[in-house]
Amino acid sequence: MRLFALVDCNNFYASCEKLFDPRLAGVPVVVLSNNDGCVVARSAEAKELGIAMGAPWFKIRAEAERAGVRALSSNYALYADLSNRVVEILRGFAPGIEVYSIDESFLDFSGFDLLTDPETFGAAVRRRVAEWLGLAVCVGFGPTKTLAKLANFCAKKGLAGTDGVCVIRRPDSPELDELLGRIPVEEVWGVGRRIAHRLTQKGIRSARDLRNADPAMIRSRFSVVLERTVRELAGTSCLALEEVLPDKRQIAVTRSFGSRVHKIGDLTDAIAHHASRAAGKLRAQNSVAALITVFARTSPFSDKDPWYSGSLALPLGEHSSDERRIVGLAARGVRGIYRPGFAYAKAGVVLSEIVPADKAPGDLFTDDEARERAVRLMSAMDAINARFGRGALRSAAVRAASGPWVMNQGSLSPAYTTSWEELPIARAL
DNA sequence: TCTGGGGTCCTAGGACCC
DNA sequence: TCTGGGGTCCTAGGACCC
């Protein structure tokens, strides 16, 4: 019998913020996306107030602040560090773990004796994360990943199970049948808005309806992906635990600007910055890329400003992760996409045709010695920046972050756990 | 004034091959 | 009059996830 668990942190970003700021206890808290654009996380109190996920902050700000809501800029240094700590704790519980997202992990207990029932085990996981980190998690167990995810949903919503733990043991039990009947089909993992709409038109409204659908029909009318979801709901495990996350095949760094950009110089600064970040991510996974795409666009929301979107794919000539090549080419590419007279709202850099550095095809004209020197230079640069901070040593094309393109972060909390200067201080009263 | 960012997978269709 | 069969590769677009 296979057994998966999905562990998911409650209101993760909002909980991380509350962890270090006692003034936020009991206060409705929302965390905003980059540029303080949209609500991407809400504390229980904020959900209670009916604040919607994804709501543009500028639209709801006045009303939310009247209701006492505190809004914070996203602090990814903090969330990533706490996420790693949660994962370390979970590793102590499970023989296999897949880190599925910053706040969710799948654990695989297939063929493993839990020594106790899953309910007790799940409670132990919750207790340890709460004691060691002060964060609340919910745990869902199921014979497939899709059912574990569903069990987690039920635990979170209090639909089944108790105290944040829900166990789906047998895919064919009458209790599960009843439960699935109460869950709308769009809550099933892999069913988004579009597919939910099409399914509903066919009379498939609940998770039970979807489980009972004919897999062959689903495959022909929808896709093989949805067919797998149907089979997983019925208890046949189709999705394996992916313990090692594969190298990225595409690396993107894109940002909305803090305010509109009009000048090519500012646009070039932004793109050079993003290219540098992307190249750093590329080297961090020990890969090289052959293609850079740069793009810039105006706001899709504005009725009065004319709309424009330009992008350009630039071959690097040979696979590379050399900061100088990537930043230089991206910055030159800006000349190809910039059109004067537009109010640019967003720009980005995408690296693709990525392969591991040791698998990069060479060609007759490759200067192996120069290439080797570049590799050593990049390692030295990355080592220096790791020690002295990002941007301590950089290409001259990457200027200090200033200008209209720099993103808004009106209310950024300290990097409590990753910077000596920002460690929280406890004082006796 | 102000609306996020970063990914993956699958499919259909076109171009091309013998 | 009558016009095959089988395949690969690539790209764009659509869908999903957090």
Side-chain angles (χ1 to χ4, degrees), chain A residues 6-9 11-13 30-41 52-62 64-65 71-76 79-80 83 98-106 145-146 149 152-153 185-199 218-229 232 238-239 242 245-261 274 277-278 281-282 285 291 293 295 297-305 311 313 343 345-354 404 407-411:
Chain A
L6 179 71
V7 181
D8 163 304
C9 300
N11 317 326
F12 183 55
Y13 297 173
V30 298
V31 176
L32 305 177
S33 62
N34 272 339
N35 223 16
D36 293 344
C38 300
V39 172
V40 293
M53 183 68 168
W57 179 236
F58 79 94
K59 285 189 178 175
I60 63 165
R61 178 173 187 167
E65 287 183 340
L72 293 154
S73 307
S74 17
N75 182 348
Y76 287 104
Y79 314 146
S83 172
E98 171 185 342
V99 179
Y100 177 64
S101 78
I102 195 163
D103 70 336
E104 285 176 62
S105 291
F106 283 103
K145 285 168 84 175
T146 303
K149 195 95 160 88
N152 183 282
F153 173 79
V185 73
E186 61 263 30
E187 301 297 346
V188 173
W189 188 40
V191 178
R193 224 183 49 237
R194 302 291 182 100
I195 287 180
H197 182 71
R198 287 172 58 200
L199 285 170
I218 292 291
R219 182 174 194 149
S220 67
R221 299 282 176 77
F222 293 87
S223 69
V224 66
V225 182
L226 194 62
E227 182 197 7
R228 280 197 285 258
T229 300
E232 284 242 321
C238 305
L239 303 172
E242 290 171 35
L245 59 156
D247 284 344
K248 302 235 186 304
R249 300 156 56 92
Q250 178 180 301
I251 290 173
V253 176
T254 71
R255 290 287 179 279
S256 294
F257 300 137
S259 42
R260 299 286 184 259
V261 163
H274 301 338
R277 291 294 303 276
K281 291 184 183 186
L282 183 67
Q285 71 165 36
L291 192 70
T293 304
F295 75 87
R297 63 164 175 74
T298 59
S299 169
F301 302 105
S302 175
D303 314 321
K304 51 178 185 51
D305 294 332
S311 83
K346 179 173 181 170
V349 172
V350 183
L351 299 177
S352 51
E353 297 185 9
I354 291 174
M407 74 172 164
N408 298 321
Q409 285 186 305
S411 189

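Note on naming: letters A, B, ... go to the chains in the order of the sequence lines (proteins, then strands), and numbering restarts at 1 for each one.
For Arg255(A), a side-chain nitrogen or oxygen approaches OP1 or OP2 of dG6(B) to under 4.0 Å. Proximity of Lys145(A) to the phosphate of dC17(C): no side-chain N or O atom is located under 4.0 Å from OP1 or OP2. Side-chain nitrogen and oxygen atoms of Lys346(A) include at least one within less than 4.0 Å of the OP1 or OP2 phosphate oxygen of dG5(B). OP1 or OP2 of dC16(C) has not a single side-chain nitrogen or oxygen of Arg228(A) nearer than 4.0 Å. In this structure, Ser256(A) reaches the dG5(B) phosphate: one of its side-chain N or O atoms is under 4.0 Å from OP1 or OP2. For the OP1/OP2 pair of dA15(C) and a distance below 4.0 Å, the side-chain nitrogens and oxygens of Arg193(A) include no atom meeting the criterion. Within the structure, a side-chain polar atom (N or O) of Thr254(A) is placed less than 4.0 Å from OP1 or OP2 of dG6(B).
Nearest nucleotide to the side chain of Asn34(A), out of dG5(B), dC18(C), dC16(C): dG5(B). For Cys38(A), the listed nucleotide lying nearest its side chain is dG4(B); candidates were dG4(B), dC2(B), dA15(C). Comparing dT8(B), dC16(C), dT3(B) by their closest approach to the side chain of Lys248(A) singles out dT8(B). Set against dC16(C), dG4(B), dT3(B), the side chain of Val40(A) has dG4(B) as its closest nucleotide. For Ala252(A), counting side-chain heavy atoms from C-beta on, the closest listed nucleotide (dG6(B), dT3(B), dC10(B)) is dG6(B). Minimum atom distance to the side chain of Gln250(A) is reached by dT8(B), of the listed dT8(B), dA15(C), dT3(B). In this structure, of dT3(B), dG7(B), dC18(C), it is dG7(B) that holds the atom nearest to the side chain of Lys281(A).
Glu353(A) has no carboxylate O lying under 4.0 Å from a charged side-chain N of Arg249(A), or vice versa, which leaves the two without a salt bridge. Glu65(A) has a carboxylate O that lies under 4.0 Å from a charged side-chain N of Arg61(A), or vice versa, which qualifies the two as a salt bridge.
Here the separation of dC18(C) from dT3(B), taken at their P atoms, is 25 Å to the nearest Å.
Between Phe106(A) and Trp189(A), the ring planes lie tilted relative to each other; the angle falls in the 30° to 60° range.
Side chain of Glu186(A) to main chain of Val191(A): no donor-acceptor pair is present (N/O by atom type, distance under 3.5 Å, no hydrogens or angles).
Partner assigned to dC18(B) is dG5(C), using Watson-Crick or G-U wobble distances below 3.5 angstrom.
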